[in-house]
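Here is the structure we will look at.
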Amino acid sequence: MDYNFSKIEKKWQAYWKANKTYKTENKSEKPKYYVLDMFPYPSGAGLHVGHPLGYIASDIYTRYKRHKGFNVLHPMGYDAYGLPAEQYAIQTGQHPAITTEKNIARYREQLDKIGFSFDWDREVRTCNPDYYKWTQWTFIQLFNHYYNNKTNKAESIAELVKIFEKEGNINIDANCSETPVFTADEWKSKSEKQQQETLLNYRLAYLSDTMVNWCPQLGTVLANDEVVGGLSVRGGYAVERKSMRQWSLRISAYAERLLQGLENIDWSDSIKEIQKNWIGKSIGAEINFHLSPALSKGERDLTPTLSKGEGVKPRFYTTNPLDWAALKDNAKKMRKEPTETENILWQCLRGNQLGFKIRRQQVVSNYIADFVCLSKKLIIEVDGKIHEQQKEQDAERTLELEKIGFEVIRFSNEEIIHNIDNVIDTIKYKLESKVLSLGEDLGEVSKALSFGEDLGEVIRIFTTRPDTIFGVTFMVLCPEHEIISSITTAEQKEAVANYLQWTKNRSERERQTEVNKITGVFTGAYAINPLTNQEIPIWISDYVLAGYGTGAIMAVPAHDSRDFVFARHFGLPIPQVILPTGEQAEDTANWKESKDSKEGTCINSGFITGMTVKDGIKAVIDFVEEKGIGKRMINYRLRDAIFSRQRYWGEPFPVYYKDGMPYMLDESKLPLELPAVDKYLPTESGEPPLARAENWHTEEGYPLECNTMPGFAGSSAYYLRYMDAHNDKEIFSKEANAYWQNVDLYIGGAEHATGHLIYARFWNKFLFDMGLCVKDEPFQKLINQGMIQGRSNFVYRFKGSNIFVSYNKVIGKVQLEQEDLERLGTLSLGDLNFHDSLPPSTEFKSFMEDKVQAIHVDINIVDNDILDIEAFKKWMPDYANAEFILENGKYHCDWGVEKMSKSLYNVQNPDDLVVRYGADTLRMYEMFLGPLEQSKPWDTKGIEGVFRFIRKFWKLYHNENNDFCVTDEKANPQELKVLHRTIKKIQDDIERFSFNTAVSTFMICTNELTDLKCHKREILQPLAVLISPYAPHLAEELWHISGNNESITFAAFPQLNEAYLVENTFNYPISFNGKTRFQMEFATDIPVAEIEKAVLAHPDAQKWLEGKAPKKVIIVPKKIVNIVI
RNA sequence: GCCCUGGUGGUGGAAUUGGUAGACACGCAGGACUUAAAAUCCUGUGACCAUUGCGGUCGUGCGGGUUCAAGUCCCGCCCGGGGUACCA
């Protein structure tokens, strides 16, 4: 053969290996460039053609950058921990390390055959103790740090402890679990255990009881990104919610920085969007809704029934939450520091002395009454000296209080000091004689009923739409909400208990799949809308999630679809409060769904009526902040990452337990190696496999952690370790990191958007905070290669027979012959006359669809959609006696694009293709398929074209006898133009990662040079460098036989000389009203006016003008001439 | 549902800034070479009309719009792929 690719490729692969051509140094005069691939999990199946797609692209870019004079770091390694190897170990008893080792060897062999320029000296394997030592080390650092909101970075726990010792935690603003305020003294009086417990609230790696995704089949918990639709991503097993004591990483502390960081990195919009959604920032407000007082705990029996007594439902309270919030501090202060006269009077009134319960400094409406008897609605005011100055205000106040049914009596300071007995008598008389009208009577209130104060029982809700607060008609709590037990009324107790039980037993999957099922229960309690003072019923439903916001919502049925269906189902009112732009208010009874409009005007909304949604939101938040009943709040959906796995094949935690508290091993004890176990299964008591290990404790005898780390632990900082892969003193040296900085180009699948790509950014930001790495984003540019889909082939079999019919006869494109019909005689084909009904009719097609069955057929026995009938018969025993109805003597298959999968018989293995066409052809073909980022079907038939091209390229350098024939003859301008046009285009294309068009460019260039019969060194030597990133073996061979002794790897990229590209003439398309009609060639420097003259004079132009004068002539130099008629 | 993407011949795709739509390749058809096959080379290949020749009409998912000019920009839909989901 002319071009012996297998000999050439083996030769140069051996050369590169022997000469360590791709070994990269950490010190160089050259500028650095870091190209990284997402390292693979070495599965037993080996690589398929989808795998190397990204590796080829990154390898091309790497080689290109080397030609451009960069020192390029391009490493590879293995994400070696993982479930498949462990599952295999459980089944076979073989240690997962052995399986992994074997799979890695296979991967390496496959990778080597494709000619990648990885620096294998830097290889990492996450399961290697030298590597996971630093995973463990980083975990210790996470444990020893907390997130300081004031400085917005991670800081040392040791420093935090110092602050606790000095001033407690009052001044600490940390991103931590909920922790009560304590003083320095309180801190010091805590036991060691208590202190450790408190510190766990702060640590970035912390142990806590968490609701986790427990997967019984896998016997482990899973992170949120490992669960989709209630099923595990690996294996598709059911996942349930369960509370377990687990390690978590406080990634939520970094939510804002993870979000902001997206602004400055060059990633695709779609992947940024996925991360933004995953982080899920929502800006809104937390607002306190007070419980309706009469239903506060323990006082239900004392319920006042001021208004129409509807059973136990109260309709009265002395003030509203707003005023209470505003005045409570004053009231309390005034109680503590009474004036002299107030005190004298109080001593006579207190403790039921008069037979009536009197309270002092009670908030009534928006005033603080000095004394009040609620059961008789009597207020007693003591007027000090200032009364003289504010008589008017006091009169007004009296009037207001009378309006709401109170009587006010006043005494002066003098009266009380000099005539206290008289004052008491007056009061007593008033109280005894006062008779309230029916329904107004508050009844006898014997126990202390501090209305205002007990309004302090609040439920905090989170909303992003505070502007809709006037449309709230009920509140919904998540079933886990802790307040439920204390607010549920006796009547509702049973119903609530039943509902809570039901939700508990409902699986996460059921909950998610039965979204349309509306369920809920009324607690019997009411809350007060702080803006309207209306009471709203409090419901419980599992459509409110415990993990988000406060686990409680204010329901706005008119403007939230979930609240809407809930309100409809339970018959709750639906008032409209937002008018979407351009709409009229309507009766919500006629609505089919809510109007969740983000734009519009507030209506029926008190003081925000008429405002836009945007202004309304601001106004309400300002209002609640001012009143101290709510505040601006930002919520993130991002949850802390659960970091424990109850599995064997993962990094052991460097953790031991003392007195039930976790402690970190000393760094000198690292790595803590994975111990041997007898079985890779949980123990009988349900402990993780590590509990089976012997001597799994420290030298002092403290037990070691039995969980292992999850898959993302080892992949979160591997890009940093590559910089200094063999450093046994530190995770990487400062110098190495200072030189390599971060990854310039990262290529990998988009499926890691919410897993690895978030965790790695978090991990990196933490190391950045520690001052270990210099960049706070790990991956500057990210490209997600598209999936390579499979192209499946189908054959059609007549149902109930073993007769296969060729594709075009199924769709009716080719007629069924008389003999075909005879062969099908036993299979009734009905009345259709096929000879007359052709060409294909939909009728025919649907008829046939009913008669035949599509069967997947192995793509390896199909060539160009033509089935190899003999191979098919041998393929499966069932088909040994298959009969065929052919077209033109061939069996044509149908085809379709599906995912690449063994079960669909459409898997392509790169090794076969390398054997048949060579690595260079495979590399170029994978690029030629289409844009890197786009998903596309793998179709082998196109590979022939690339193979032809490569041989044609080879022939530029060789004559008919396959002898090297490059000459030193001077190149002519035409040849130089071809070369430099190619240089320009190839460079442009690589820079914008458009590898498919680059391959086309090589083809065009080769076709042109072939036509020119060009065999000149001046052209062909630079051309070899140009193609070297794509077809490195071919290029290396041509480079050497052209007389070079060094590897082509570091040859300078050909310099573009624009001078060769200058065109003297341009062939103008002449268009009329935008439609191109003919062409005319003009010199590029000719004046526009002359072009116009010449064009209009052209006979063809005259034809199109039809004698009319052109309205306008547009001439864009070197682009187009357009004549408007 | 929401968000992101994409939709161009029989197929993969090209058209980078609004300026000749379909480059390049596959496939297909015809031809050359050959005893034959493979390989190689040449010609044609968006659809429709015309075909003796010149040629003409339509055409980038659909419907509008902006412009001298739209695959490309704007508005409204339809369909495929991916992400996400009671996230308030």
Side-chain angles (χ1 to χ4, degrees), chain A residues 1-2 228-229 268-278 280-282 284 461-465 468 476 511-512 514-518 541-545 547-556 560-563 565-566 593 596 635-639 750-751 753-754 784 786-787 789 791 864-865 895 897 925 928-931 933-946 948-949 951-952 985 988-989 991-992 994 996-997 999-1004 1007 1067-1079 1110-1116 1118-1125:
Chain A
M1 192 198 281
D2 42 10
V228 171
S268 73
D269 286 343
S270 68
I271 209 101
K272 282 187 184 180
E273 203 62 36
I274 292 170
Q275 291 215 341
K276 272 183 204 163
N277 291 341
W278 190 257
K281 180 180 187 176
S282 43
I461 60 95
F462 174 71
T463 178
T464 55
R465 291 296 299 276
T468 60
V476 188
R511 200 184 64 78
Q512 284 186 15
E514 298 169 346
V515 166
N516 295 328
K517 193 167 170 181
I518 299 150
S541 176
D542 67 355
Y543 84 82
V544 175
L545 303 179
Y548 186 75
T550 59
I553 60 150
M554 61 174 211
V556 186
D560 182 285
S561 53
R562 297 151 304 181
D563 299 344
V565 292
F566 192 86
E593 55 186 21
D596 304 5
N635 250 303
Y636 299 93
R637 204 184 76 115
L638 185 70
R639 297 273 84 90
E751 68 271 19
T754 54
N784 301 109
M787 272 206 322
Q789 297 154 303
R791 186 184 189 276
N864 268 327
D865 293 339
W895 62 276
V897 173
Y925 182 57
F928 187 61
L929 272 179
E933 304 196 40
Q934 204 171 292
S935 287
K936 56 238 158 188
W938 176 264
D939 184 358
T940 319
K941 64 184 186 189
I943 201 169
E944 292 282 350
V946 174
R948 269 173 223 160
F949 150 73
R951 278 181 297 169
K952 199 167 176 180
K985 176 85 171 127
D988 279 6
D989 284 351
E991 297 277 0
R992 63 193 176 97
S994 176
N996 55 326
T997 54
V999 177
S1000 298
T1001 304
F1002 282 122
M1003 288 175 172
I1004 293 166
N1007 291 345
N1067 201 15
Y1068 280 90
I1070 314 298
S1071 58
F1072 293 80
N1073 288 339
K1075 285 198 173 84
T1076 307
R1077 297 303 180 180
F1078 60 96
Q1079 272 146 31
K1111 275 191 195 142
K1112 204 172 175 185
V1113 179
I1114 289 141
I1115 297 170
V1116 184
K1118 285 200 263 183
K1119 280 270 164 67
I1120 200 167
V1121 176
N1122 190 17
I1123 297 157
V1124 187
I1125 308 169

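Since the model is a prediction, treat every value here as computed from it, not as a measurement. Within every chain, numbering begins at 1; the chains are lettered A, B, ... in the order of the sequence lines, protein sequences first and strands thereafter.
- Among the atoms of the strands shown, only primed sugar atoms or phosphate atoms (P, OP1, OP2) are found under 4.0 Å from some heavy atom of A:Leu929.
- Along RNA chain B, the nucleotide closest to A:Gly551 and the one closest to A:Thr754 are compared, and the more 5′ of them pairs with A:Thr754.
- Nearest-nucleotide positions on RNA chain B for A:Tyr1068 and A:Phe462 put A:Tyr1068 closer to the 5' end.
- Contact between the side-chain N/O atoms of A:Arg1077 and the OP1/OP2 oxygens of B:rC54 is not found at any separation under 4.0 Å.
- Closest approach of A:Ala753 and A:Ile271 over heavy atoms only: CB-CD1, 3.6 Å.
- Here the side chain of A:Arg639 pairs a donor or acceptor atom with the backbone of A:Gly547 at under 3.5 angstrom.
- Base contact: A:Leu545 has a heavy atom under 4.0 Å from a base atom.
- Remark: side-chain polar atoms of A:Tyr636 are not paired, donor with acceptor, to backbone N or O of A:Ser282 under 3.5 angstrom.
- Residues A:Thr468 and A:Met554 have side chains in contact (heavy-atom distance under 4.5 Å, counting atoms from C-beta outward).
- Contact annotation: the side chain of A:Asp563 approaches that of A:Ile553 to within less than 4.5 Å [non-hydrogen atoms, C-beta and beyond].
- Separating the CD1 atom of A:Ile1070 from the C1' atom of B:rA69 is a distance of 14 Å, rounded to the nearest angstrom.
- The side chain of A:Gln934 places no N or O atom within less than 4.0 Å of a non-bridging phosphate oxygen (OP1 or OP2) of B:rG82.
- Across B:rC68, B:rC87, B:rU84, the shortest atom-to-atom separation from the side chain of A:Ile1114 is found for B:rC68.
- Nearest to the side-chain atoms of A:Asp269 among the listed nucleotides B:rU16, B:rC4, B:rC68 stands B:rC4.
- For A:Glu944 and B:rU40, the CD to C1' distance is 13 Å, given to the nearest whole Å.
- Out of B:rG12, B:rG19, B:rC24, the shortest distance to the side chain of A:Pro937 is found at B:rG12.
- Taking the C1' atoms as reference points, B:rU52 lies 47 Å from B:rG6, given to the whole Å.
- In this entry the distance linking CZ of A:Arg639 with P of B:rU84 reads 16 Å, nearest Å.
- Atom CD of A:Glu593 and atom C1' of B:rC86 are 16 Å apart (whole Å).
- A:Ser270 comes within contact range of the sugar-phosphate backbone alone, with a heavy-atom separation under 4.0 Å but no base atom that close.
- Its glycosidic angle being within 90° of 0, B:rG9 falls on the syn side.
- No engagement by A:Lys281 is indicated, since no non-hydrogen atom pair under 4.0 Å with the nucleic acid exists.
- Residue A:Val544 is in base contact, counting any heavy-atom pair closer than 4.0 Å across all strands shown.
- In this structure, the NZ atom of A:Lys936 is 15 Å from the C1' atom of B:rA14, given to the nearest Å.
- Taking atom NZ on A:Lys272 and atom C1' on B:rC4, their separation rounds to 13 Å, with Å as the unit.
- Taking atom P on both B:rG30 and B:rA23, the two are 22 Å apart, rounded to the nearest angstrom.
- With distances taken from any side-chain atom of A:Val1124 to the nucleotides B:rC3, B:rC68, B:rC86, the minimum falls on B:rC68.
- When distances are taken from the side chain of A:Thr463 to each of B:rA14, B:rA15, B:rA88, the shortest belongs to B:rA88.
- Using a 4.0 Å heavy-atom cutoff across all strands shown, A:Phe928 reaches at least one base atom of the nucleic acid.
- Between the side chain of A:Lys952 and the base of B:rU40, no donor-acceptor pair under 3.5 Å is found.
- Side-chain proximity of A:Asn1122 to the nucleotides B:rA15, B:rG19, B:rC3 is greatest for B:rG19.
- Residue A:Asn996 places at least one side-chain N or O closer than 4.0 Å to OP1 or OP2 of B:rA14.
- Inspection of the A:Ser1071 and A:Asn1122 side chains reveals an N or O donor paired with an N or O acceptor under 3.5 Å.
- Residue A:Asn1067 is in base contact, counting any heavy-atom pair closer than 4.0 Å across all strands shown.
- In this structure, of B:rC24, B:rA88, B:rA14, it is B:rA88 that holds the atom nearest to the side chain of A:Asp560.
- Distances shown here put every side-chain N or O of A:Thr997 at or beyond 4.0 Å from the OP1 or OP2 atom of B:rG13.
- Of the C1' atoms belonging to B:rA21 and B:rA69, the separation is 14 Å, rounded to the nearest Å.
- Nearest nucleotide to the side chain of A:Arg951, out of B:rU20, B:rA39, B:rA88: B:rA39.
- Per the geometry, CG belonging to A:Asp989 stands 12 Å off C1' belonging to B:rA15, to the nearest Å.
- Rounded to an integer number of Å, the gap from OH of A:Tyr548 to P of B:rA85 is 13 Å.
- B:rU43 and B:rA50 have their P atoms separated by 28 Å, with the value rounded to a whole Å.
- Distance from the side chain of A:Thr1076 is smallest for B:rU20 among the nucleotides B:rC58, B:rG13, B:rU20.
- Across all strands shown, A:Lys517 has heavy atoms under 4.0 Å from base atoms, whether or not it also approaches the sugar-phosphate.
- Among the protein residues, A:Arg948 comes within range of the sugar-phosphate backbone only, with heavy atoms under 4.0 Å from sugar or phosphate atoms but none that close to a base.
- Judged purely by atom type and a 3.5 angstrom limit, A:Lys952 has no side-chain atom pairing as donor or acceptor with the backbone of A:Asn1007.
- Nearest to the side-chain atoms of A:Ile553 among the listed nucleotides B:rA85, B:rA88, B:rC86 stands B:rA88.
- Here the separation of B:rC42 from B:rA47, taken at their P atoms, is 23 Å to the nearest Å.
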In dot-bracket form, 5' to 3', how is RNA chain B paired? Count Watson-Crick and G-U wobble pairs only if both distances fall under 3.5 Å, and write | where the partner sits on another strand. (((((((..(((......[....)))((((((.......))))))((((.....))))..(((((..]....))))))))))))....
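- Ring pair A:Tyr548/A:Phe462 is perpendicular by interplanar angle, where above 60° counts as perpendicular and below 30° as parallel.
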